[in-house]
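Report on the following structure.
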Protein chains: 2
Amino acid sequence: MVVDQLRETELDRLFQAFADSTRRDIVRRVTVGEYTVSGLAGLYAMSFAAVQKHVAVLERASLVTKEKRGREQIVRGNHEGLQKARRLLDEYEAIWQQRVGRIADILAEG
Amino acid sequence: MVVDQLRETELDRLFQAFADSTRRDIVRRVTVGEYTVSGLAGLYAMSFAAVQKHVAVLERASLVTKEKRGREQIVRGNHEGLQKARRLLDEYEAIWQQRVGRIADILAEG
DNA sequence: CTATCGTACAACCAAATGGTTGTAGATCAG
DNA sequence: CTGATCTACAACCATTTGGTTGTACGATAG
């Protein structure tokens, strides 16, 4: 499976990004509205730098975008990354459903 | 957010489990069919112990179950974990869609 | 019975992760 | 201009992660 090497590391980053509750919360918030980095930082019991790193992880995973406005940086949700992750899990579920369907068929025949 | 503390660590494990391409491949395979641990180990360019650890991670995340059969251990996919992850991402997308809808409304009014 | 197989687990290692503090550059307010 | 604010980034630290090898033990085959 040398194919889709890029897609694999992309997915690594995607799921890695989701594997932290602070980052999931950030995604939830910036999907609904807009926040500056320090606006987000104010919400959590950790340093500004820590939150900044979390935002950077989300940005690398294409789950979030940043846009400079004056001295502030506006963080927004990025629908594409979200869709990509969901679609993958849909695939897995489809495979599973196929299997369940096949088993049901076998049971019905027997 | 002290609430759902358990659910959060549960989700940490779930997404962490998906954040590795070998583990995603294992999930794909055991969702379709059944494999022993050494059967899986034969598929990847790494030690038996490494694959065993990957399976353990998937088991802790409730994505996979193991069942002893003689000296072998049968690994199977677990639909529940899969559904849980997908449902969460659905929530995120629903929130997003609400937002997009609201913006569309505003634009329509203006 | 003995050798082999499938598994589990401990000990170890390098690299990544999640956090910290400190420094520095833009931008804005007065 | 000066000081405060927002951001970025480096350096550091403890813990986790993903891998290794080696040992041990129950189940199976011959």
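The model shown is predicted, which means the values in this text are computed figures rather than measured ones. In the text below, chain A, chain B and the rest are named by the order of the sequence lines, each starting its count at 1.
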*salt bridge (Lys or Arg N to Asp or Glu O under 4.0 Å), paired with B:Glu34, selected from B:Arg29, B:Lys66, B:Arg76*: B:Arg76

*Give the rounded distance in Å between these two atoms: CZ of A:Arg60 and C1' of C:dA16.*
11 Å

*So, does B:Arg24 use its side chain to make a donor-acceptor pair with the main chain of A:Glu8 at under 3.5 Å?*
yes

*For A:Gln73 and C:dT27, what is the distance between atoms CD and C1' respectively, to the nearest whole Å?*
13 Å

*If you check every side-chain atom of A:Lys53, which of C:dG19, D:dT7, D:dG19 has the closest atom?*
C:dG19

*Donor-acceptor contact present, side-chain A:Arg86 to main-chain B:Arg87, <3.5 Å*: no

*Could you tell me whether the side chain of B:Gln73 and the main chain of B:Lys68 form a donor-acceptor pair under 3.5 Å?*
yes

*asked:* Mind checking if A:Ser47 touches a base, just sugar-phosphate, or nothing, with heavy atoms under 4.0 Å?
replied: base

*asked:* If I take atom CD in residue B:Glu67 and atom P in nucleotide C:dG6, what distance separates them, rounded to the nearest angstrom?
replied: 18 Å

*Compare the minimum distances between each of C:dG19, D:dT7, D:dG18 and the side chain of A:His54, then state the nucleotide with the smallest one.*
C:dG19

*Rounded to the nearest Å, what distance is computed from the CD1 atom of residue B:Ile74 to the P atom of nucleotide C:dG6?*
11 Å

*Return the residues of residues 11-21 of chain B meeting this criterion: a heavy atom under 4.0 Å from some atom of DNA chain C. Order them by number, or give none.*
none

*asked:* Can you measure A:Glu72 atom CD to C:dT27 atom C1' for me and round it to whole angstrom units?
replied: 10 Å

*asked:* What is the separation between atom OH on A:Tyr35 and atom C1' on D:dC6, rounded to the nearest whole Å?
replied: 18 Å

_Just to be sure I understand the rule, does A:Thr22 reach a base, reach only the sugar-phosphate, or reach nothing, if contact means heavy atoms closer than 4.0 Å?_
nothing

*Donor-acceptor contact below 3.5 Å, side chain B:Arg23 vs main chain B:His54*: no

*asked:* By the 4.0 Å heavy-atom rule, please label B:Ala49 as base, sugar-phosphate, or nothing.
replied: base

*Can you tell me how far P of D:dT20 sits from OH of B:Tyr44, to the nearest Å?*
14 Å

_For B:Thr65, is there any backbone N or O sitting under 3.5 Å from a side-chain donor or acceptor partner on B:Asn78?_
no

*Check: A:Ser38 side chain, A:Ala41 main-chain N or O, donor-acceptor pair, under 3.5 Å*: no

*Using heavy atoms to find the nearest nucleotide of DNA chain D for B:Ala50 and A:Gln52 separately, return the residue whose nucleotide is more 5′.*
A:Gln52

*State whether the number of non-hydrogen atoms from other residues, nucleotides or ligands found under 6.0 Å of A:Arg28 atom CZ is greater than 12.*
yes

*For the residue pair B:Val51 and B:Val37, what are the closest heavy atoms and their distance?*
CG1-O, 4.3 Å

*For each nucleotide in nucleotides 23-30 of chain D, reading 5' to 3', give B when a protein heavy atom comes within less than 4.0 Å of its base, S when such contact involves only the sugar-phosphate, and - otherwise.*
----BS--

*Taking the nucleotide of DNA chain C with the closest heavy atom to each, which residue, A:Met46 or B:Thr36, is nearer the 5' end?*
B:Thr36

